[in-house]
Amino acid sequence: MNISPLQKARYEYSPKLPGMLRNGIAEICVNEGAATTSVADQDKIAALFPNTYGKPEVTFQKGQNTSAAKKQVVGVILSGGQAPGGHNVISGLYDALKATNKDNVLLGFKGGPDGLLKNDYVEFDDAFIDAYRNTGGFDIIGSGRTKLETKEQFAIVAENAKKNGLTAVVIIGGDDSNTNAATLAEYMAANNTGIQVIGCPKTIDGDLKNEDIEASFGFDTATKTYSELIGNIERDANSAKKYWHFIKVMGRSASHVALECALETQPNICLIGEEVAAKKMSLAQITNYIADSVEKRGNNGNNFGVAIIPEGIVEFVPEFSKLIAEINELLAGSKTEEFNALPDWTAKYNFIKAGLTAESFAVFDILPAGIQQQLFLERDPHGNVQVSLIESEKLFSEMVKEELAKRKAAGTYKGKFGAQHHFFGYEGRCAFPSNFDADYCYSLGYNAFMLIQYGYTGYLSKVSNIARPAEEWVAGGMPITKMMNMERRNGEDKPVIRKALVELDGAPFKYFEAHREEWAVETCFTFPGAIQYYGPAEVCDLTTRTLALEKAN
Ligand code: FBP
């Protein structure tokens, strides 16, 4: 097989472990802290997780390994969207498992949770693992978005696990997947299966984060990849001086990715969904905010700029969410067929006008025609609007264009406006993991095995102090129930891990807020360049600005 020189070099890279795990398996002992309680709704969560609730935080230390000798057969899955470093979680898990006992077995279940349900797996060996060390992607076993959440599914998983002699299952996923890992752990314990379940925190979105989990893996590499591209676009804009670039970046809901990219590249504009929601901003207000920057820069002779738009933005605009809810209602059930049968867009437009409230129709009516049609024509299998497909970068650039035309007619705007559109998402999810993600992921996997070996279940692999060099990282585990609260989901109260949105009083947003007025008018672009894998640590091992600001004293 042909491989690139970088891939070859990355095979040789030895990920850095936390200092406490570096002396070899024989010298890793465990220290238990106090019992834990969930972040909210303690009584309800305790009642739902009688076997796994309230367990202590654990930390690994240098010292004699006192875990019981036992042959381990571990199953692992990758769940949800790809994130750089997944392969290293698996290689860290494999290395710790084999270093503990060469007869231990690691099975990779294919295609995400479906692999556990269909009992579709591969057994890893050295050659298999070596071909994926320090590489991006989830292609080692694939991933999937099936949710493992019903008792029936758990029973199938338990049966397949027993068939294969599994002692533990490791779920590498985001907040939903780890919520389900906690429920599966509880099921396994309640049914005396003896099968442990451990989670690992993954998602490029950065929204699986709390006082215990400092960052989800993949966020570092994905944001560095997008920031490189945004920096390159800024240089292009500053060279040609003729375009405004509207760049949408992934992040299904939270705006952590957009904020981190803004901190790295200092664009003229970056929208933050959480701020839009807190200030209840309308589409017109957001449009005016961007148009003000374009106008001021244009009047200074700078007919170019860069605006970062988070993927999830429209759901944070109250009037837009209301519109979407009304559209979903309008086309519920058989009404979709009625709508689809209408002969042309004019007939459909009249149907929409008659069906929406006047308030929502007014919002609908100011949308560019392409977006209007997208809202009605591209729908998911349940008939709902596919919000993530809305081209918000085009939505705002077209609305800004219309606003500027009015300002031009009024004589306040004297510049020229030409727009380019980009969407950066898939480009970053499978990049070669940065040194940080390669090290962090390997440590999470290695650590996950130590949690299994010491008999824990319902825990999330936790590596903390990660804004410091790896030597100082702290390895351990936290009961997943500690991160849970009750939330309303699909009409029911459910125990879930709290999703971390951008905190408007947090240090990363405060830094951005303190500088954005200047960035909006001046050209303050910064150019992070490509991820560096080899060279001085201050260039190669740096993690995100978000983490650095959050952890600065
Ligand atoms: P996870 O939350 O599963 O990690 O996935 C996040 C994400 O990458 C989002 O940023 C994006 O909106 C979504 O996945 C895209 O999903 P898909 O891969 O199904 O197109």
Contact check, side chains of [X] and [Y], non-hydrogen atoms, under 4.5 Å:
{"X": "Val30", "Y": "Gln61", "answer": "no"}
{"X": "Glu214", "Y": "Leu547", "answer": "yes"}
{"X": "Thr223", "Y": "Phe424", "answer": "no"}
{"X": "Pro113", "Y": "Ile77", "answer": "yes"}
{"X": "Pro310", "Y": "Leu271", "answer": "yes"}
{"X": "Tyr454", "Y": "Val58", "answer": "no"}

Exercise: identify the closest heavy-atom pair between [X] and [Y]:
{"X": "Ile480", "Y": "Ala181", "answer": "CD1-CB, 4.2 Å"}
{"X": "Thr287", "Y": "Leu283", "answer": "OG1-O, 2.7 Å"}
{"X": "Gly305", "Y": "Phe525", "answer": "CA-CZ, 4.5 Å"}

Any donor-acceptor pair under 3.5 Å from [X] side chain to [Y] backbone:
{"X": "His87", "Y": "Gly137", "result": "yes"}
{"X": "Asn210", "Y": "Ile213", "result": "yes"}
{"X": "Glu274", "Y": "Ile272", "result": "no"}
{"X": "Ser143", "Y": "Leu78", "result": "yes"}
{"X": "Glu427", "Y": "Gly425", "result": "yes"}
{"X": "Ser293", "Y": "Ala520", "result": "yes"}
{"X": "Asn447", "Y": "Gly477", "result": "no"}
{"X": "Ser461", "Y": "Cys200", "result": "no"}
{"X": "Thr36", "Y": "Lys55", "result": "yes"}
{"X": "Glu32", "Y": "Glu57", "result": "no"}

Would you call [X] and [Y] a salt bridge, taking side-chain N to carboxylate O under 4.0 Å as the test?
{"X": "Arg488", "Y": "Asp493", "answer": "yes"}
{"X": "Lys322", "Y": "Glu319", "answer": "no"}
{"X": "Glu487", "Y": "Arg498", "answer": "no"}
{"X": "Glu471", "Y": "Arg22", "answer": "yes"}
{"X": "Arg252", "Y": "Asp205", "answer": "no"}
{"X": "Glu260", "Y": "Lys209", "answer": "no"}
{"X": "Arg489", "Y": "Glu149", "answer": "no"}
{"X": "Lys224", "Y": "Glu228", "answer": "no"}
{"X": "Arg133", "Y": "Asp95", "answer": "yes"}

[X] side, atom [atom1]; [Y] side, atom [atom2] - distance, nearest 0.5 Å:
{"X": "Ile198", "Y": "Asn178", "atom1": "CD1", "atom2": "CG", "answer": "10.5 Å"}
{"X": "Thr526", "Y": "Arg545", "atom1": "OG1", "atom2": "CZ", "answer": "8.5 Å"}
{"X": "Leu208", "Y": "Asp175", "atom1": "CG", "atom2": "CG", "answer": "6.0 Å"}
{"X": "Asn31", "Y": "Thr59", "atom1": "CG", "atom2": "OG1", "answer": "6.0 Å"}
{"X": "Met486", "Y": "Asp41", "atom1": "CE", "atom2": "CG", "answer": "6.5 Å"}
{"X": "Gln82", "Y": "Ile204", "atom1": "CD", "atom2": "CD1", "answer": "9.5 Å"}

Could you walk me through whether Asp505 and Lys510 pass the salt bridge (charged side-chain N to carboxylate O under 4.0 Å, His left out) check?
CA-CA 6 Å; Asp505 55 359; Lys510 285 281 167 207; over 6 Å; no
Stepwise side-chain contact (heavy atoms from CB on, under 4.5 Å) check, Lys202 with Phe138:
CA-CA 12 Å; Lys202 169 236 73 167; Phe138 278 6; 3.7 Å; yes
Start with the C-alpha gap between Val157 and Leu117, add the side-chain angles, then the distance that decides, and say whether side-chain contact (heavy atoms from CB on, under 4.5 Å) holds.
CA-CA 6 Å; Val157 172; Leu117 294 167; 4.0 Å; yes
What verdict does the side chain to side chain donor-acceptor pair (under 3.5 Å) test give for Thr146 and Asp114, after you've listed the backbone C-alpha separation in whole Å, the side-chain angles of each residue and the deciding distance to 0.1 Å?
CA-CA 6 Å; Thr146 297; Asp114 275 349; 2.9 Å; yes
Step by step, would you call Asn88 with Asp437 a side-chain contact (heavy atoms from CB on, under 4.5 Å)?
CA-CA 9 Å; Asn88 271 28; Asp437 269 329; over 6 Å; no
Can you list the residues that meet the side-chain contact (heavy atoms from CB on, under 4.5 Å) rule with Ser392, with sequence neighbours excluded?
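Here the qualifying residues are Lys248, Ile309, Ile313, Val314, Phe396.
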For the pair Glu326 and Ser360, evaluate side chain to side chain donor-acceptor pair (under 3.5 Å) and give the outcome as yes or no after the intermediate values.
CA-CA 8 Å; Glu326 283 190 25; Ser360 285; 3.1 Å; yes
Please state whether the rings of [X] and [Y] are parallel, tilted or perpendicular, taking 30° and 60° as the class boundaries.
{"X": "Phe219", "Y": "His256", "value": "perpendicular"}
{"X": "Phe246", "Y": "His421", "value": "tilted"}
{"X": "Tyr511", "Y": "Trp519", "value": "tilted"}
{"X": "Phe423", "Y": "Tyr426", "value": "perpendicular"}

Go through the steps for Glu275 and Arg516 under the test salt bridge (charged side-chain N to carboxylate O under 4.0 Å, His left out), then give the verdict.
CA-CA 14 Å; Glu275 183 184 28; Arg516 66 178 164 188; 2.6 Å; yes
Go through the steps for Thr221 and Ser434 under the test side chain to side chain donor-acceptor pair (under 3.5 Å), then give the verdict.
CA-CA 5 Å; Thr221 310; Ser434 61; 3.3 Å; yes
Would you say that more than 12 heavy atoms from the other residues, nucleotides or ligands in this model lie under 6.0 Å from the [atom1] of [X], or not?
{"X": "Glu211", "atom1": "CD", "result": "no"}
{"X": "Glu329", "atom1": "CD", "result": "no"}
{"X": "Glu513", "atom1": "CD", "result": "yes"}

Which of these, Tyr446, Tyr442, Phe436, sits in a ring pair (Phe, Tyr, Trp, His ring centres under 6.0 Å) with Trp473?
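Testing each of Tyr446, Tyr442, Phe436 against Trp473, the sole residue satisfying ring pair (Phe, Tyr, Trp, His ring centres under 6.0 Å) is Phe436.
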May I have the step-by-step check of side-chain contact (heavy atoms from CB on, under 4.5 Å) for Asn435 and Tyr13, ending in yes or no?
CA-CA 9 Å; Asn435 285 354; Tyr13 178 76; 3.7 Å; yes
Could you tell me whether Arg10 sits above the aromatic face of Phe432, with NZ or CZ closer than 6.0 angstrom to the six-membered ring centre and within 45 degrees of the axis?
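No - Arg10 does not lie over the ring of Phe432 by the 6.0 Å and 45° rule.
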